[in-house]
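Shown next, in structure tokens, is the structure this report addresses.
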2 protein chains.
Amino acid sequence: MSRIPQSQRLRDQLEDAIVEGLYAPGDRLDPEALASEYQCSRTPVREALQQLATTGMVEVKPKRGTFVARLNVMEVVERFEVMAELEGMCGRLAARRITSDELTALEAAHEACRQARDAGDSDEYYYRNGVFHECIYTASHNDFLAKEALRLHAMLKPYRRLQLHVRNRVKDSFDEHERIVHALRSGDAETARRELMDHVRLQGDRFNDMAASIQRLPPPRA
Amino acid sequence: MSRIPQSQRLRDQLEDAIVEGLYAPGDRLDPEALASEYQCSRTPVREALQQLATTGMVEVKPKRGTFVARLNVMEVVERFEVMAELEGMCGRLAARRITSDELTALEAAHEACRQARDAGDSDEYYYRNGVFHECIYTASHNDFLAKEALRLHAMLKPYRRLQLHVRNRVKDSFDEHERIVHALRSGDAETARRELMDHVRLQGDRFNDMAASIQRLPPPRA
DNA sequence: AGGCTGATTGTTGTATACAACATATCATTT
DNA sequence: AAATGATATGTTGTATACAACAATCAGCCT
């Protein structure tokens, strides 16, 4: 029926489900259960899981099953470190390459963030924040970079969500966005890069703070 | 018999074979042929190919087969652009974090490059150049970054190989390495970053030059 | 003669059957 | 009673059978 393989559909759906927190880190993904869940056999499920394994979303333990990736603190911090660099690169390139249409879209996303902030809706802000960042990825006009940034962004989503309700985080985040938009609008590549890197690094730092305060938060790999 | 799945062994072997040029970009990878080649059935082959597809080494065209990824000029240039950033990041971190053991290993790799240069053996230089760069990835002490850098490095190998015999490239490359080692030894993060970025960017530029001079070199995707 | 339609062929995608292995349970031995 | 080993069970990894689809070519119609 569908023109695209079942395994690919499954991969996307599972990825979404994991990112959305439907399956928590450490959960075992039972192929048979998923097969009956998605009305197919184990084969497409296996292929989907294999693909997710190569992107690092799940971890397969040979002969023991596949589990939603549970990253320890260092692994998350490392990823934030790389994310900061990639976002900074997106900003640097976007400052030089962004089109007026893309700038308009970025400013619209920014405005949407402002409304969510004013409404005090941090969940909504978080969602619109994602759109904002995707605008910058696109504006880098480097499709490979954009894809990689998007992938990492998705991987870190469960860990960024933890800091959703930290005091003043939304307000601070928006101010940082403000400076980023300004830098992009004025085509200041180095400033855009620095602001974006700092913006992401802050998230990594916040995560580290939380992990440090809740010692047993990042359980060792199951 | 083997403790690790066949599909994973296959994935690594196929990846090596592709990187080594045994299968050229655009080649079709026939699952049945590979199955008989590696003495197994289509299933592990399929899984290996799926995994390679998610890393971008091969491209699966639904219902039409899987092919070794054939990148057009822009796709390669984009990857070099990202590679430059990642290598620069490795350099920046390595300058601050490298241990004396790692510095020793780096200098040994550098010395091996010098010998290959003096012997005028550009193939050998190319190989030892890879070891040199891997030392820096490791010294970044960010395993995730190191893994990503290694992956991109492997992906670009077939396209870097094209410039192996460009006039003076080995000599210039070694001089660049010299400056990189110096920066890392003295812990100068910003210089290490800049030198490594420039080093990789030069390769991208060279590739671009070649592609421009041989117009039909990068054939459109089959 | 040229273009279109339909069967044919070969390949991919999926399901299922089977085998190999890891874990857990239970009996046996010390 | 504790520890160890064998068996049982359930899960994963692999092979194969089957179905669905795309490409090719032949035949027919215009």
Side-chain angles (χ1 to χ4, degrees), chain A residues 1-18 23-70 219-222, chain B residues 1-18 23-70 219-222:
Chain A
M1 276 300 180
S2 58
R3 318 263 318 292
I4 74 170
Q6 189 102 303
S7 53
Q8 204 168 318
R9 274 174 22 86
L10 263 175
R11 182 175 63 76
D12 293 340
Q13 291 195 32
L14 283 175
E15 184 170 309
D16 286 349
I18 290 170
Y23 304 109
D27 281 3
R28 175 162 170 277
L29 297 172
D30 182 18
E32 290 195 46
L34 293 171
S36 67
E37 169 101 14
Y38 291 94
Q39 311 255 30
C40 66
S41 84
R42 268 176 47 214
T43 308
V45 174
R46 264 187 74 84
E47 293 193 348
L49 290 178
Q50 295 265 5
Q51 291 184 44
L52 290 178
T54 65
T55 69
M57 301 277 298
V58 307
E59 188 180 1
V60 304
K61 307 192 179 182
K63 285 287 182 186
R64 295 190 52 188
T66 78
F67 303 82
V68 178
R70 165 181 287 175
R221 301 165 157 258
Chain B
M1 279 299 180
S2 58
R3 319 262 318 290
I4 73 168
Q6 189 104 303
S7 52
Q8 205 167 317
R9 275 175 20 86
L10 263 174
R11 182 175 63 75
D12 293 339
Q13 291 195 31
L14 282 175
E15 183 169 311
D16 286 350
I18 290 171
Y23 304 109
D27 281 4
R28 175 163 171 277
L29 296 172
D30 183 18
E32 290 195 45
L34 293 171
S36 67
E37 168 101 14
Y38 290 94
Q39 309 255 30
C40 66
S41 85
R42 267 176 47 213
T43 306
V45 174
R46 264 187 73 83
E47 293 193 349
L49 291 177
Q50 296 265 3
Q51 292 185 43
L52 290 178
T54 66
T55 69
M57 299 278 298
V58 307
E59 189 180 0
V60 305
K61 307 192 178 182
K63 285 288 182 186
R64 296 188 53 188
T66 78
F67 303 82
V68 178
R70 164 180 290 175
R221 301 166 157 258

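The chains referred to below are lettered A, B, ... by the order of the sequence lines, with proteins before strands, and numbering in each begins at 1.
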With sequence neighbours excluded, give me every salt bridge (charged side-chain N to carboxylate O under 4.0 Å, His left out) pair touching residues 31-45 of chain B.
-> none
Side chain of A:Arg64 - closest among C:dT11, C:dC21, C:dT23 = C:dT23
Quick one: A:Asp30 CG to D:dG10 P, roughly how many Å, whole number?
-> 13 Å
Please give, in whole Å, the distance from C:dT11 C1' to B:Phe67 CZ?
-> 11 Å
Rounded to whole Å, CD1 of B:Ile4 lies from P of D:dT12 at a distance of 18 Å
Check: B:Cys40 and B:Leu10 side chains under 4.5 Å, non-hydrogen atoms = yes
If you pin B:Gly65 and A:Pro62 to their nearest nucleotides in DNA chain C, which one's is more 5'?
-> B:Gly65
Distance, nearest 0.5 Å, that separates OG1 of B:Thr66 from CG of B:Leu34 | 7.5 Å
Approximate separation, where rounding is to 0.5 Å, of A:Gln13 CD and A:Tyr38 OH | 5.0 Å
Please tabulate, for side-chain N and O atoms in residues 44-57 of chain B, each donor-acceptor pair with protein atoms closer than 3.5 Å (sequence neighbours left out).
| from | atom 1 | to | atom 2 | distance (Å) |
| --- | --- | --- | --- | --- |
| B:Arg46 | NE | A:Glu47 | OE2 | 2.8 |
| B:Arg46 | NH2 | A:Glu47 | OE1 | 3.2 |
| B:Arg46 | NH2 | A:Glu47 | OE2 | 3.2 |
| B:Glu47 | OE1 | A:Arg46 | NH2 | 3.2 |
| B:Glu47 | OE1 | A:Gln50 | NE2 | 2.8 |
| B:Glu47 | OE2 | A:Arg46 | NE | 2.8 |
| B:Glu47 | OE2 | A:Arg46 | NH2 | 3.2 |
| B:Gln50 | OE1 | A:Gln51 | NE2 | 2.6 |
| B:Gln50 | NE2 | A:Glu47 | OE1 | 2.8 |
| B:Gln51 | OE1 | B:Arg11 | NE | 2.8 |
| B:Gln51 | NE2 | A:Gln50 | OE1 | 2.6 |
| B:Thr54 | OG1 | A:Thr54 | OG1 | 2.4 |
| B:Thr54 | OG1 | B:Gln51 | O | 2.8 |
| B:Thr55 | OG1 | B:Leu52 | O | 2.9 |

Nearest-angstrom distance from the residue atom CG of A:Leu10 to P of C:dG13 = 14 Å
Could you list the residues that satisfy salt bridge (charged side-chain N to carboxylate O under 4.0 Å, His left out) with A:Asp12, not counting sequence neighbours?
-> none
Provide, to the nearest angstrom, the distance between the NZ atom belonging to A:Lys63 and the C1' atom belonging to C:dC21.
-> 4 Å
Under 4.0 Å between a side-chain N/O of A:Arg9 and OP1 or OP2 of C:dG13, yes or no?
-> no
Identify the heavy atoms of B:Pro25 and B:Val68 that sit nearest to each other, and give their distance.
-> CA-CG1, 3.6 Å
For B:Ala17, enumerate each residue passing the side chain to side chain contact (heavy atoms under 4.5 Å, CB included) test, keeping only those at least two apart in sequence or located in another chain.
-> B:Leu22, B:Tyr23
Nearest-angstrom distance from the residue atom CD of B:Glu32 to C1' of C:dG10 = 9 Å
Calculate the interatomic distance between A:Gln6 atom CD and C:dG13 atom P; express it in whole Å.
-> 12 Å
Fill in the dot-bracket string of DNA chain C, one character per base: . for unpaired, | for a pair to another strand, ( ) or [ ] for pairs within the strand, taking Watson-Crick or G-U pairs under 3.5 Å.
-> ||||||||||||||||||||||||||||||
DNA chain D contacts among residues 33-46 of chain A, heavy-atom distance under 4.0 Å = A:Arg42, A:Arg46
Whole angstrom is fine here: how far is it from CD in A:Gln51 over to P in C:dG13?
-> 11 Å
Just jot down the salt bridge (charged side-chain N to carboxylate O under 4.0 Å, His left out) partners of B:Asp16, sequence neighbours excluded, or say none.
-> none
